[in-house]
Structure formats: structure tokens, C-alpha cells
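Below, chains carry the letters A, B, ... as their sequence lines are ordered, and counting in each starts from 1. None of these values were measured; they are calculated from a predicted model.
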Amino acid sequence: MSVNVQLAALFSEIALLLELQESNPFRIRAWQRVAQVLESFEEDIAHRAEEGTLLDIPGVGKDLSATIQEFLETGTITELFDLRASVPPVLVQMTAIPGLGPKKALKLYQELGLESLDELAAACTGGAVAALTGFGEKSQQNILKGIDFVRRISGIWSLGQVLPAADVMLKSLGGLKEVEKISIAGSLRRMKETVGDVDIVVGSRAPEPVMDAFTSHQLVGEVLAHGTTKSSIRTHDDLQMDLRVVPPGVFGAALMHFTGSKEHNIRLREMATRKDIRINEYGIFDVSDLTAGEKKGDPEAGRRLGAATEEACFKALDLPWIPPELREDTGEIRAALDGTLPELIELEDIRGEIHAHTDASDGHLTLEELIGAVRERGLSYIAITDHSRSLTIAGGLDLDRMKWQIDRVREADARHPDIRVFTGSEVDILKDGTLDYPDDLLAELDIVIASIHSRFGMSGEEQTKRICEAMENPYVGVIGHLTGRMLGERDAYDLDVEQVIETAVGTRTALEINAHPKRLDLNDRHARMAHKAGAGIVICTDTHRSGHLDFMRFGVKVARRAWLGPADILNTLEADALLDELHRKRE
DNA sequence: GCCGTTTTCGGCCCGACTGTTTTCAGTCG
């Protein structure tokens, strides 16, 4: 885990502990804000500290910069140490229960003297919670359910897990005659690599039938809230979905609001407030002529400057439309103001796939089936990159089979004049950084992707050296799935990503954005870092089965979140130009 | 705790739903 991410987690913990101490809410927000900034901060925070430019980071002042320094120098934060000692751990556990925040957790702790979630569950069963003022029978039941939920679920979902359910719900609701407009919102629309829930926004003049259809849908396991404009459900698989229904005339404002991110919205509103403009889910309002009382009562008070579409809302703020993938408060508002928003890559820009497995190793498609699938999707080239000999578990090809493979791929290429079929391999990087095939074999291949599939436990220093060593090989065009992480299953192995990127630039080796929804590796932050440093980037699906080529859209989304355009991705090039790029290091 | 093309002090985004209350606090997104 990078220092930035470590610090972000610690700052979030400090914010929560301060909240449980009933500190000044704005002080709490200061810690939260910097935690969020650090999470997506591209540069290594240690470098900024060395440069002495910590104070230039938005939200970092005298105290927080001193805390960052302290952590970098000592590995600990005194304030956090003290907070942990003074806040009972059960309070932190309680705030993970849906519906329980700091205030209620504190009340339960103080009134009932609880020390664990088990004791809280017992207090609920015994009726002690319902007897407290501010709580009742319903709260008591909800807390019991919540404890069960906390113990069962991580609340982190990968895109591949949520999209099918989201599509089903979107289709069902979209088919209702009352629904005029509908869209996914929230982190799923921003295409974060993992999401906590599914947000849907509907434009309709008749909200009740839409709400009823939503809360009684066959996917629903439990209804969490059911209002006239807002409802929440949990599916049988424990995935939460929130639906918001607004009049079609304010759909754009609602979509913008519920797409977030929260930090992006806050930044926009802070900016708008200075100009006496109010932003909410009903529109962008000029409130300069209103009294304080008028502003308070009616969320739609004032002169509406925009609401129907997102474009109109951004225009009302003198901004161009900002793509959802950029709305993370990482400089997109500044760029929009300056007119320097990047042109982002689209799925249609991708010309070919260069990482795919056939049934010669562990893929499920024959060579011909794979070529057919490539043709169906309008791509113009494919590289056949089956596994190398050491990866016996995945049917890696030994030297003889590899030679057979090269011949049959060349034959296939000749058979299909409309699709360029490249020879290739996903060759294993061995423990010492050498490759699983000799150089004279690699030299025959059009495309060599080098990846790590073994010894994930090596130290960060060793692992970094191993990968950098592999990049020094002149035939290695691409490093596959750089960090090896599997979302929800396996953490990234220890690695100095900055060092690897530097070597990639120096050796002219491209880095892969692996588009499999469980991998998404490089992630958006690393991809942005790599591009800024000048590394070449390809987006690959690592196809093993029918349908996997469609993962490309996930990889494209990662690239978009990394601010990358078509010119920044190598497999937007035509076949020959791509090969030239990947072979430059062979010269 | 941070911050300033209205401020170095006084602000700091906005609204819906729930459950418990007789008008609202807490939680959530």
C-alpha cells in the first residue's frame, strides 16, 4: 500500500474518532477532505514533503502538514495514538451499522455501557435499546439487522458484479410508461473500479408507480426506505440500490447531483455560493435577490438558471460539461474553467486487442472463434498471447508447441485478410527477472507481453527489481497487469510503482491497463501517473472466454478516469503503427 | 482545521427519509 493511501486511511480514522469525541464539525471535515485528496493524489506525498511543498496541497495547512511530516519521519501519528486510546473501539464498530451514526452510537454507549457488538445485540434482544428516548422498537430491530449485515458484507463491489443487476433494474424501470428519462448515477456512472451501491435517477411526472415498481421488483430482498421521490432497496444478494425520481424538467440537475462525487459537488457549490448561486437537485438558482428566510424555506426559490439537462446546468455555472469519470475533485473544475479539459478516449477509438488466450493454453475459444469475435466487434487486429511454458497450471506452451503456435497463427493471418493476426505470448517473468522463453524465440514474435504469475510474496524491493529487469529485455513490448491485484480477492503485491514507471519510460516498454473488471490494473491513478511520466499505455481485455472482449469498455473507463485521450493509448493505432511503437526498443 | 477577486476572523453544501417525536435530530448520499 502506498504511503498516500496509508495516510488517507489514517486521516479518515482521525476524522471518525474526532466525530465520536463530538469535536467541531468543520475540524472533522478538514481531516476528511485531505484524506480524500490523498486517496487520488498522483504524486508520492513523501516527495512533496522533501520539496517542502505540502502546504500547496489544497486543504493542507500548518497542522495537517506537520502531521504528514510526523508520519513520514516516525511512521506514527501521536494524535491518532491518543484518539484511539480515548475512544472506545465499540463506538467505531457501531458506526459501521447502517442507520447508526456517531450521535446514536455515543448515546447507546453512554446509556447502556456497551463494550462490544455482541452486547449491543443482547441489549436489542432484551429490549433495552427501545426503552431509550430517541430510540424505539423499530430502531431496535434495525440495529439487530444492521449488526447481522455488518458481519456478513464488506459493501465493496466490483463493476462486473453490479452491472448485470443494474442493467436489469434499468431495463425494468425504463420500460414503464411513466418514465420519461432514466440514467445510472453515482460512482457507477463515474465508473469507479469498485462501488458501494447502485444509484438510479428517473425523470417522471408520476413518481408513485415508478417507486412501487422499484420497491416491489423481483430483485428486491428488503426495502430500506420508500418515499415519494426517493427509495432504497437491498437485493437478495445484499447489493443496495437507491432510486431518485424527479420531474423531467429538472432531470439534469438531479443527475448531476446524484452522480457526484460528493467532493466534486461540494467544490462546485462553494464556487457557486461566492456568486450567490445555489446548486441542488432541482436546478442551478440565482438567489441574489432573496432574503435569508426565502432561501431557507423553498429549495426551488430564486431564478432558475438551468435544470433540464446536465449541459444546461454546467452552462449556468459558466462551465463546459464535465465527463462523469473526471468528477472527483482532482483538478477537473479548474481545467473546465480554463478550457483545458482533455478530450477523452472512447470505446470506438480502440482499433485492436493485443492480449488474448486461446484453447492452446487456458482460453476457451479456438483461434478461429477468437478471430470471429474480433471481427464482430469491428476491430482490425488481434495478438494471440497464450501463456508460456512455466505456467503449467494454465496450459503454458512449451518450446515445441510454441513453434507450432507461431506457424498456425501466421497461417490464420494469411487466411483472414481483413483481420491482422499477430503472433505473441504472455510470457512469465521468472523470479530473477529473466523471461520464460529464450530471446531468439521472443525475437520471432510480433508482440510480447511480460507478466508475473508467481511468487507474489517477494519483498517490494525484489519485486520491483524483477519487473524492471524484465523491461530491459528488448523484446518485451508490454508489461501485463502490473500489480497483480484481484479486486475483492487479492491485494496488489508489494511494488514501487513509480520506479517501475520510470524504467518503463527509459526502456520504452508499454504498460497495460488490464480491462478485466476484477483487475483494472493499472488502476486510474497509476495510469495517470504513467502517462504524465511519458510511458506508453495499451488497454487489453486479457480475453479467455466468449464475451471477454467486451471488457474493453471497462479498460476504456479506467483510461478516461486517468484523463487519457485517444492519442495516449497505443492500441488506438492501426496495426503497423502499433507494431512500430512496440518495436522501437528493439532497434 | 482551513481559507480569503467580498474576509486574517467568521464563515465552512444541500435536501430527503426515518423514527421518534408533536416540530425535529440524526443519518445518508
Calculate the interatomic distance between A:M271 atom CE and B:dC12 atom P; express it in whole Å.
-> 17 Å
Can a side chain N or O of A:K262 be found less than 4.0 Å away from OP1 or OP2 on B:dG29?
-> no
For B:dT8, what is the paired nucleotide under Watson-Crick or G-U wobble rules, both distances under 3.5 Å?
-> none
From B:dG26, B:dC17, B:dC2, pick the nucleotide closest to the side chain of A:A30?
-> B:dC2
Using only side-chain N and O atoms of A:N142, determine if any of them is under 4.0 Å from OP1 or OP2 of B:dG19.
-> yes
Taking atom P of B:dT6 as reference, at what distance in whole Å does atom CD1 of A:I277 sit?
-> 13 Å
Rounding to the closest angstrom, what is the interatomic distance between B:dT6 and B:dC2 at atom P?
-> 23 Å
Expressed in angstrom and rounded to an integer, what is the separation of A:N280 atom CG from B:dC28 atom P?
-> 22 Å
Would a 4.5 Å heavy-atom cut-off, applied to side chains only, mark A:L10 and A:F71 as touching?
-> yes
Could you tell me whether the side chain of A:N24 has a donor or acceptor atom within less than 3.5 Å of a complementary atom in the base of B:dG1?
-> yes
Quick note, side-chain hydrogen bond (donor to acceptor under 3.5 Å, both in side chains) partners involving residues 168-177 of chain A, not counting sequence neighbours, are A:S172-A:H217
Separation of the P atoms in B:dT8 and B:dC3, to the nearest angstrom = 16 Å
Atom P, compared across B:dT20 and B:dT27: separation rounded to whole Å = 13 Å
Among B:dG29, B:dG19, B:dC17, the one nearest A:K138 by side-chain distance = B:dG19
Between A:L117 and A:V90, which heavy-atom pair has the shortest distance, and what is it?
-> N-CG2, 4.1 Å
Per A:K104 side chain, nearest of listed nucleotides B:dT27, B:dG15, B:dC14 | B:dT27
Kindly say if A:R278 contacts the phosphate of B:dG15, meaning a side-chain N or O under 4.0 Å from OP1 or OP2.
-> yes
Proximity to the side chain of A:S139 - top-ranked nucleotide from B:dG29, B:dG1, B:dT20 | B:dT20
Under-4.0 Å salt bridge between A:E193 and A:R561 | no
Name the residue closer to the 5' end of DNA chain B, choosing between A:G61 and A:T133 according to the nucleotide with the nearest heavy atom.
-> A:G61
Rounded C1' spacing from B:dT18 to B:dT23 in Å | 15 Å
More than 12 non-hydrogen atoms from neighbouring residues, nucleotides or ligands closer than 6.0 Å to CD on A:E51, yes or no?
-> yes
Roughly, in whole Å, what's the span from CG in A:L55 to P in B:dC3?
-> 8 Å
Give a yes or no on whether the backbone of A:V92 and the side-chain of A:T95 come within a donor-acceptor separation of less than 3.5 Å.
-> yes
If you measure from the P atom in B:dG11 to the same atom in B:dC17, how many Å do you get, rounded?
-> 31 Å
Side-chain N or O of A:S232 less than 4.0 angstrom from OP1 or OP2 on B:dC28?
-> no
Does A:T229 place a side-chain N or O at less than 4.0 Å from the phosphate oxygens OP1/OP2 of B:dC17?
-> yes
By nearest-heavy-atom nucleotide on DNA chain B, the more 5' of A:H226 and A:P98 is A:H226
Of all the choices, B:dC12, B:dG26, B:dG29, which nucleotide is nearest to the side chain of A:E270 once you look at every atom?
-> B:dC12
Selected nucleotide, minimal atom distance to A:K103 side chain, candidates B:dG26, B:dT18, B:dC14 = B:dG26
Go through B:dG1, B:dG29, B:dA16 for me and flag the one nearest to the A:D199 side chain.
-> B:dG29
Rounded P spacing from B:dG15 to B:dG10 in Å | 26 Å
